[in-house]
Amino acid sequence: MIMRLRHKVALVTGGATGIGREVCLAFGREGAKVVVNYIGNSEKAEKVVAEIEANGGTAIAICADVSNEEQIGSMIREIGAKWGGVDILVNNAGIYPRKTWHEITGEEWDKVQAVNAKSCFLTSKAVFPYMRSKGYGKIINVASVTFFRGQKDFVHYVASKGAVIGFTRALSREVGGDGITVNAISPGAVRTEQELLDFPDASLQEETRIYLEQEQAIPRRQLPHDMAGCFIFLASSDSDFMTGQTLNVDGGWVMH
Ligand code: NAD
């Protein structure tokens, strides 16, 4: 079997759960050395590491708050010392607190921008020297279908995902000459374990399923592993002439 990410070092932020977890497992299967970044859920992060290792892969978990420049710096230095740098960066960590827009405080707004958007800038900046010295790198930012649709009770979140897409486009022009591609993946409504914890009500789950089946071209709930192939594509040399783009991976919900 050809492993498309063999000898690459991949950092996935927020890799302990949900979409990030699935990306870590997929990258591990493709032969990458995987760094599972996490905050506050070390047991889950270690479980992802153990799962990758059980499949014959290589992984470590590193705790760092991706909205904190110092913590990012020390994480990247640790990876540099251990594995010589980062070839693939997936900016996946995110928070999505639901709130009526006029009740959102300035601090809450800033926090969402810091974790979802500023983190992409800080982490990309921290890995850039390694990628530039190799003349090659892959940056994948995680956006959201909500940016294309607008979404009630999520103005801070939707704005942060717009920033992620804007950052993706602008950064691709800065680093294209260094052999680095920058793209975004925009997931639809993914049924993660967090969703089931946030919305355990079976009738609400059923309502959501029916609604999404009407909205999407592919009439079923999206699961984290539905995106794995697109992440591998953007992380591998198959996508070397593609940059600044946002791939909607949402079962055909929004189209552009
Ligand atoms: P999730 O909550 O399972 O994953 C987010 C991860 O980010 C968690 O492990 C969390 O601990 C981590 N995280 C949060 N703040 C952090 C910080 N400051 N530093 C480091 N890690 C931090 O949810 P998910 O659905 O897997 O979300 C992953 C990404 O996908 C997010 O960017 C989210 O906005 C995006 N997204 C999700 C959906 C969906 O339907 N689930 C849809 C569109 C976009």
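For clarity, every value in this text was computed on a predicted model and none was experimentally measured. Both counts, for ligands and for their atoms, begin at 1 and track the order of listing.
A salt bridge does not link K82 with E78: none of the charged nitrogens is closer than 4.0 Å to a carboxylate oxygen. Between R220 and D226 a salt bridge is recorded (basic side-chain N to carboxylate O distance below 4.0 Å).
Applying the side-chain hydrogen bond (donor to acceptor under 3.5 Å, both in side chains) test to every pair with at least one member in residues 31-54, sequence neighbours left out, gives these pairs: R21-E51.
Every residue two or more places apart in sequence or in another chain was checked for a side chain to side chain donor-acceptor pair (under 3.5 Å) with R191, and none qualifies. Scanning for side chain to side chain donor-acceptor pair (under 3.5 Å) contacts around S144 gives T146, with sequence neighbours left out.
Although no hydrogens or angles enter the test, the distance criterion places no donor-acceptor pair under 3.5 Å between the side chain of T246 and the main chain of A184.
Annotation: ligand 1 has protein neighbours G14, T17, G18, I19, N37, I39, N41, A64, D65, V66, N92, A93, G94, I95, Y96, V115, V142, A143, S144, Y157, K161, P187, G188, A189, V190, T192, each with a heavy atom less than 4.0 angstrom from the ligand.
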